[in-house]
Asker: 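Below you will find the structure I want to go over with you.
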2 protein chains.
Amino acid sequence: MTVSIEKTDTPEIYRDLHQRLITAGFTPGEKLKAEELRVTYGCSANTIRDVLLRLSTVGLVSFEEQRGFRAQETSPEKRHDVARFRILLEQEGASLSIRNGDIMWEAQLSAAHHKLSHIETTIAKNGELEAYLPLWSAAEWEFHDTLISACQSPLLRGTYRNIYDQFRQQMVAQERDFGSNYFHAIITEHQAILDAALDRDEERCRKAIHEHMKRNFI
Amino acid sequence: MTVSIEKTDTPEIYRDLHQRLITAGFTPGEKLKAEELRVTYGCSANTIRDVLLRLSTVGLVSFEEQRGFRAQETSPEKRHDVARFRILLEQEGASLSIRNGDIMWEAQLSAAHHKLSHIETTIAKNGELEAYLPLWSAAEWEFHDTLISACQSPLLRGTYRNIYDQFRQQMVAQERDFGSNYFHAIITEHQAILDAALDRDEERCRKAIHEHMKRNFI
DNA sequence: ATTCAATAAAATTTCAAGATTTTAAAAAAA
DNA sequence: TTTTTTTAAAATCTTGAAATTTTATTGAAT
């Protein structure tokens, strides 16, 4: 399923490959051949190499010297690791935000949740997942990122971004339910996180975050 | 101070630049010109680009599209951030290791500490820092890495590795004491971490880790 | 039949030069 | 003098091809 694309430059190639990697656009462990991708994107092999090197630094692509690049492998162990680490970072980020966040943070979090909740309710009702998936993806990210946005640690926030993407990559690979049951469940979970955060209750927020992610432990 | 080096291949160039970056081999924020380094290492500009891209993914080099590479900038804020994040990761890794580690872990940690302690005592006595620095660097890393090695989370351990390196980079840039006072202090601190870990006392270990790093908050 | 070695094919990595973009310097205008 | 525009220099990025390494295939030997 190699779709040919017209003259894209490096940042676009990066974005496109990034997107494909976190939406099951490649089979986990699939070899990413520079020559093949070169044709797809209409650029030189070196440009592809450039992009793949960057994607390997954020963990979406695995790289071995002289053996090229592969879409990151998935495994129960990896999913477990990614889920646990994401919980750790999000709990810590949320705690710090609860301590440091001002009214603006509350407002932004509220707004992000409102958007997310609206989309999730629509999906839960109508079930047209396909159509809403890109919208939902963006909104889900925005909510979680806003939650930790007042932590005052660029490193924590940046690391969380990488782990969140790896989480997505691992989880979409192992397709599960994703029916309307799933969306009903996460609506409640997101609400619990929001409530605890706005109540400035660190412990409850940590628990809510754990609840939200525990289905990914297997 | 550009020293010409004979025909080094990529992994070696990576190691060498990595080493220089975490030992104040470049002024923070200094431009890393591909052409200059190309001459130094006797390779093509593309090989240098390759290496710098990888170093930027681990945070030692900053990279801006079309504007090239720079040795990571330093600032009190960055140091603070890196120190806090390192504490978080090491505390969490140590806690998990205390819970999961077996006898082998205890033995390895003991051994790592023994080596480190021997080197630090020597430096505290003789004061010949220069001669022992590479030895001490390796031993310090081995101790801290072993401490978290039983955490059973490759992601946590890998992230810690990056942050530890960034910590080094930030701290050596801001040269402080490093006299025999300093080494007397950290001997005690490392001992406290070891004791708490072997006693399987998570809380005490967390405190000891915090104590060890708090001088870097400013 | 299975293992090992030799060969061929494919893929990755390196190279050097050309194209593009950014940065610095000089000249012109306000 | 300060700001803006123009020009020149420098650096980055891309390209296509050569060199190296890995992987797959074939044939020989145990």
Side-chain angles (χ1 to χ4, degrees), chain A residues 1-21 25-73, chain B residues 1-21 25-73:
Chain A
M1 73 141 180
T2 304
V3 182
S4 192
I5 289 169
E6 285 301 318
K7 205 51 170 176
T8 338
D9 58 358
T10 308
E12 285 184 71
I13 296 173
Y14 182 94
R15 271 192 293 277
D16 190 65
L17 273 175
H18 184 277
Q19 188 58 26
R20 287 170 72 184
L21 284 162
F26 296 100
T27 308
E30 178 182 347
K31 205 142 198 330
L32 302 172
K33 294 177 197 169
E35 176 57 22
E36 243 176 53
L37 295 169
R38 188 193 68 70
V39 175
T40 307
Y41 289 102
C43 65
S44 88
N46 239 321
T47 302
I48 295 293
R49 180 181 174 76
D50 212 283
V51 170
L52 291 177
L53 270 171
R54 293 184 220 190
L55 286 166
S56 74
T57 66
V58 297
L60 296 178
V61 163
S62 72
F63 167 67
E64 271 186 295
E65 201 81 44
Q66 305 279 22
R67 299 195 177 174
F69 303 87
R70 297 173 172 280
Q72 189 64 265
E73 294 77 4
Chain B
M1 75 137 175
T2 303
V3 182
S4 191
I5 290 169
E6 285 301 318
K7 204 53 169 174
T8 337
D9 60 356
T10 308
E12 283 184 75
I13 297 173
Y14 182 94
R15 270 193 293 275
D16 191 65
L17 274 176
H18 184 278
Q19 188 59 24
R20 288 169 72 184
L21 284 162
F26 296 100
T27 309
E30 177 182 348
K31 204 138 198 330
L32 303 171
K33 294 176 199 172
E35 176 58 23
E36 243 176 53
L37 295 169
R38 187 193 69 70
V39 175
T40 307
Y41 290 103
C43 65
S44 89
N46 235 320
T47 302
I48 295 293
R49 181 181 173 75
D50 212 283
V51 169
L52 290 178
L53 269 172
R54 294 184 218 189
L55 286 165
S56 74
T57 66
V58 296
L60 297 177
V61 161
S62 72
F63 167 68
E64 270 186 296
E65 200 80 46
Q66 305 279 23
R67 297 193 180 173
F69 304 88
R70 295 174 174 279
Q72 190 64 265
E73 294 77 5

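Note on naming: letters A, B, ... go to the chains in the order of the sequence lines (proteins, then strands), and numbering restarts at 1 for each one.
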Asker: Looking at the side chain of A:Arg49, which of C:dT13, C:dC15, C:dT22 is the nearest nucleotide?
Answerer: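 The nucleotide sitting nearest to the side chain is C:dT13.
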Asker: Using whole Å, what does the distance between atom P of nucleotide D:dA18 and atom CG of B:Asn46 come to?
Answerer: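 One finds 17 Å between P of D:dA18 and CG of B:Asn46, rounded.
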Asker: Measuring to OP1 and OP2 of D:dC13, would you say a side-chain N or O of A:Thr47 lies under 4.0 angstrom away?
Answerer: no
Asker: Figure out the CD1/C1' separation between B:Ile13 and C:dT13, and round it to whole Å.
Answerer: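 In whole Å, C:dT13 C1' and B:Ile13 CD1 are 12 Å from each other.
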Asker: In terms of the nearest nucleotide of DNA chain D, which residue is placed more toward the 5' end: B:Gly68 or A:Arg38?
Answerer: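 Final value for this comparison: B:Gly68.
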Asker: Within this structure, what is the CG-to-C1' distance between B:Leu32 and D:dT12, rounded to whole angstrom?
Answerer: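 For the pair B:Leu32 CG and D:dT12 C1', the rounded distance is 14 Å.
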Asker: Among C:dT12, C:dC15, C:dT13, find the nucleotide with the atom closest to the side chain of B:Ser44.
Answerer: C:dC15
Asker: Give the rounded distance in Å between these two atoms: CZ of A:Arg54 and C1' of D:dC13.
Answerer: 10 Å
Asker: So, B:Glu12 and B:Arg15, do they make that salt bridge, N to O below 4.0 Å?
Answerer: no
Asker: Would you classify B:Ala34 as touching base, sugar-phosphate or nothing, given that sugar-phosphate means primed atoms plus P, OP1 and OP2, and contacts are heavy atoms under 4.0 Å?
Answerer: sugar-phosphate
Asker: Tabulate below the donor-acceptor pairs under 3.5 Å that side-chain atoms of residues 25-34 of chain A make, not counting sequence neighbours, or state none.
Answerer:
unit_1	atom_1	unit_2	atom_2	d
A:Glu30	OE1	A:Thr27	N	2.9
A:Lys31	NZ	A:Arg67	O	3.3

Asker: At less than 4.0 Å, is any side-chain N or O atom of B:Lys31 found next to OP1 or OP2 of D:dT12? Yes or no.
Answerer: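 Checking D:dT12 against B:Lys31, a side-chain N or O does come within under 4.0 Å of OP1 or OP2.
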Asker: Rounding to a whole Å, what distance do you find between B:Glu35:CD and D:dT14:P?
Answerer: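 Rounded to whole Å, this separation is 18 Å.
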Asker: To the nearest angstrom, how far is A:Phe69 atom CZ from C:dA10 atom P?
Answerer: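 Between P of C:dA10 and CZ of A:Phe69: 21 Å.
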Asker: Considering non-hydrogen atoms only, spot the tightest contact between A:Arg54 and B:Phe63 and give its length.
Answerer: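 Looks like NH1-CE2, 3.4 Å.
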Asker: Does any non-hydrogen side-chain atom of B:Phe69 lie less than 4.5 Å from one of B:Leu55?
Answerer: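 They are not in side-chain contact.
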Asker: I need the CZ-C1' distance between A:Phe63 and D:dT21, as an integer number of Å.
Answerer: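 Going from CZ in A:Phe63 over to C1' in D:dT21 covers 13 Å.
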Asker: Ignoring backbone atoms, establish whether A:Arg67 has a side-chain N or O less than 4.0 Å from OP1 or OP2 of D:dT23.
Answerer: yes
Asker: From C:dT21, C:dT14, C:dT13, pick the nucleotide closest to the side chain of B:Thr10?
Answerer: C:dT14
Asker: Check the distance between D:dC13's P and B:Leu52's CG and give it to me in whole angstrom.
Answerer: 10 Å
Asker: Taking C-beta and beyond as the side chain, do B:Val51 and B:Leu37 meet within less than 4.5 Å on heavy atoms?
Answerer: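 They are not in side-chain contact.
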